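Written below as structure tokens is the structure these notes are about.
Numbering of residues begins at 1 and proceeds along the displayed sequence. The figures that follow rest on heavy atoms only: side chains count, while hydrogens, waters and symmetry mates do not. Atoms within a ligand are numbered from 1 in the order they appear, just like the ligands themselves. Remember, it's a predicted structure, so these values are computed and weren't measured experimentally.
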Amino acid sequence: MTHMSTLYQTRVASGQIQPDAAQQAVLPEFDRIADGLRAEPVKKGLFRKAVRPDVKGLYLWGGVGRGKSMLMDLFVESLDDIPSRRVHFHAFMQEIHAKMHVAREQGVQDTLAPVAAEVVASVRLLAFDEMQITDITDAMIVGRLFEALFEAGVTVVTTSNRVPDDLYKNGLNRQLFLPFIDLIKQQMHVHEMVSPHDYRQNRLTGSRVYFTPLNAETRAEIDAIWRDLTGGSAEPLSLTVKGRTVTLPAYRNGVARASFFDLCGTMLGPGDYLTIADAVKVLVLENIPSLGRSNFNEAKRFVTLVDALYEARVRLICSAAAEPEYLYMEGDGAFEFERTASRLREMQDKNWAQS
Ligand SMILES: Nc1ncnc2c1ncn2[C@@H]1O[C@H](COP(=O)(O)OP(=O)(O)O)[C@@H](O)[C@H]1O
Ligand SMILES: [Mg+2]
């Protein structure tokens, strides 16, 4: 059992992180929650069963790269004595939908209730990374789901890039969603992290992002960057594009990792690439081969992918068979690829940043 503020200080002292005033300012909130979760059950009346007091959660929001996810991970790490789970919000909602689907197939009427009960039975604290609601199917169930969680005494901690009032902004049937925003404000302490530091950008500034040729050394460099950005652990992220599912094999904290084959060797199209570019801040793309006649379709998809990443100002870290100008040397499309090569070059610039 370690207090979050102690753990943070340990990391600072060991040089793993830099002391940051905006981060330090939220540490007491995490300590408060941990103390609450560890409090002994109390009797509210002579003949009542002792119950644990409800612990108000935390809604931590602010710009990208401020360290929100890092703090939340550290918090969950500090709670080794409390049943807790850290999960990407989007992945969690997909899990809920999948379980509701199974319940529906079994003829259950109110499919949300048993699914919520299952979640409640397994945790006392849920930590959601990157809460955002863009999908009407999520918007319509999230209120009842969270109500069930709070009612059962589950504490929720979440990171988000948006203030609660802006969740599901301009979404379809938004008025039905508004009670959820009230519920959040009531059950969670809302804290904005205001800081001029974008650590993700800082970490990547000046470091190499394009690695060639494809050999063991390149692979090791990519592995090291991946570890640095994600701590090494990741989970798949499934995105829904027009009713289909596109899966990024590894994702954490806005950083995704995939191979050229994963993204360009399968039947993906512009809509998929736009969705991917929208969902990630950094893409680690490995094993881009030499392009030409033999892999014309893959090359075409790669051009579309780079365009999407470029427009969304995603940071691209990649390993390739050759420098951009030498990737596509012969065959139809070599001329068009010049633009892609130039974009790949531009995206290597140390000032290539999120807008
Ligand atoms: N105080 C800090 N010192 C050094 N690196 C940090 C610090 N805070 C965050 N980072 C690193 O910066 C990157 C971005 O942090 P992250 O928590 O993902 O930001 P956010 O979730 O707010 O977008 C991560 O690699 C994280 O480990
Ligand atoms: Mg984050």
Side-chain angles (χ1 to χ4, degrees), residues 4-30 58-78 86-93 126-134 156-164 166-167 190-209 221-235 237 239 248 250-257 278-284 312-317 350 352-355:
M4 170 78 175
S5 44
T6 317
L7 197 56
Y8 187 91
Q9 281 318 319
T10 315
R11 295 286 158 100
V12 169
S14 69
Q16 279 170 284
I17 55 174
Q18 298 157 32
D20 179 298
Q23 293 176 357
Q24 281 159 336
V26 257
L27 299 178
E29 282 299 323
F30 286 112
L58 176 66
Y59 184 103
L60 189 60
W61 73 281
V64 298
R66 269 32 184 197
K68 300 181 297 296
S69 302
M70 188 274 294
L71 287 180
M72 203 178 72
D73 288 351
L74 208 56
F75 181 55
V76 174
E77 198 184 316
S78 79
R86 176 224 187 267
V87 58
H88 189 263
F89 183 70
H90 185 69
F92 178 76
M93 290 309 290
L126 274 171
F128 294 122
D129 198 24
E130 300 189 350
M131 176 184 280
Q132 56 167 334
I133 288 137
T134 48
V156 176
V157 171
T158 184
T159 75
S160 175
N161 292 338
R162 290 179 171 220
V163 65
D166 282 352
L167 284 172
V190 178
H191 183 105
E192 181 185 5
M193 258 177 82
V194 193
S195 156
H197 301 291
D198 179 344
Y199 287 100
R200 186 179 289 111
Q201 206 55 45
N202 291 350
R203 275 187 176 225
L204 287 167
T205 311
S207 59
R208 260 176 78 200
V209 293
E221 303 244 32
I222 294 274
D223 279 343
I225 292 181
W226 173 250
R227 265 197 312 275
D228 186 41
L229 287 174
T230 62
S233 61
E235 54 200 348
L237 178 68
L239 305 164
L248 290 166
Y251 176 90
R252 178 112 180 179
N253 283 359
V255 188
R257 181 176 186 171
D278 212 37
V280 308
K281 299 176 188 86
V282 181
L283 176 67
V284 179
R313 296 193 76 77
V314 169
R315 194 64 154 145
L316 176 66
I317 298 168
K350 68 172 172 22
W352 178 260
Q354 319 252 350
S355 49

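- With hydrogens and angles left out, the side-chain atoms of Gln23 and Tyr199 include no donor and acceptor closer than 3.5 Å.
- Which parts of ligand 1 touch Arg66 is read off a 4.0 Å heavy-atom cut-off, strictly below it: atoms 19 (O), 20 (P), 22 (O).
- Residues Val157 and Phe75 approach most closely at CG2-CE2, 4.0 Å, considering heavy atoms.
- The pair Lys281-Asp198 does not count as a salt bridge, with every side-chain nitrogen at least 4.0 angstrom from each carboxylate oxygen.
- Less than 4.0 angstrom separates some heavy atom of Met70 from each of these atoms of ligand 1: 7 (C), 8 (N), 9 (C), 17 (O), 27 (O).
- Of the listed options Trp61, Tyr199, Tyr8, Tyr199 places a heavy atom closest to atom 7 (C) of ligand 1.
- Residue contacts with ligand 1 leave out Thr159, since none of its heavy atoms falls under 4.0 Å from the ligand.
- Proximity of Met193 to ligand 1, defined as any heavy-atom pair under 4.0 Å, is not found for any part of the residue.
- Considering only non-hydrogen protein atoms, atom 19 (O) of ligand 1 sits nearest to Gly67 N, 3.1 Å.
- Those atoms of ligand 1 with a heavy atom of Gln18 less than 4.0 angstrom away are 1 (N), 2 (C), 3 (N), 4 (C).
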Given side chain to side chain contact (heavy atoms under 4.5 Å, CB included), test Asp20 with Met70 step by step and report yes or no. CA-CA 12 Å; Asp20 179 298; Met70 188 274 294; over 6 Å; no

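- The distance from ligand 1 to the heavy atoms of Val64 drops below 4.0 Å at these ligand atoms: 23 (O).
- Checking only distances, Gln16 never comes within under 3.5 Å of ligand 1, N or O to N or O.
- Distance check, rounded to the nearest 0.5 Å: CG of Leu71 to OG1 of Thr159 gives 10.0 Å.
- In this structure, the side chains of Trp226 and Val282 stay at 4.5 Å or more apart for every pair of heavy atoms.
- Within ligand 1, the atoms closer than 4.0 Å to a non-hydrogen atom of Asn253 are 18 (O), numbered from 1 in the order shown.
- Under a cutoff of 6.0 Å and an axis angle of 45°, Arg162 and Trp61 do not form a cation-pi pair.
- The closest heavy-atom contact to atom 23 (O) of ligand 1, among the options Ala22, Gly65, Gly15, Gly254, comes from Gly65.
- Remark: ligand 1 atoms within the under-4.0 Å shell around heavy atoms of Leu229 are 25 (O).
- Arg203 NH2, 3.4 Å is the protein heavy atom nearest to atom 5 (N) of ligand 1.
- Of all protein heavy atoms, the one lying nearest to atom 18 (O) of ligand 1 is Arg200 NH2, 3.1 Å.
- Of all protein heavy atoms, the one lying nearest to atom 22 (O) of ligand 1 is Lys68 NZ, 2.8 Å.
- Checked by atom type and distance alone, the side chain of Arg11 never pairs as donor or acceptor with a backbone atom of Gln9 at under 3.5 Å.
- If you number the atoms of ligand 1 from 1 as listed, the ones under 4.0 Å from a heavy atom of Gln23 come out as 1 (N), 7 (C), 8 (N), 9 (C).
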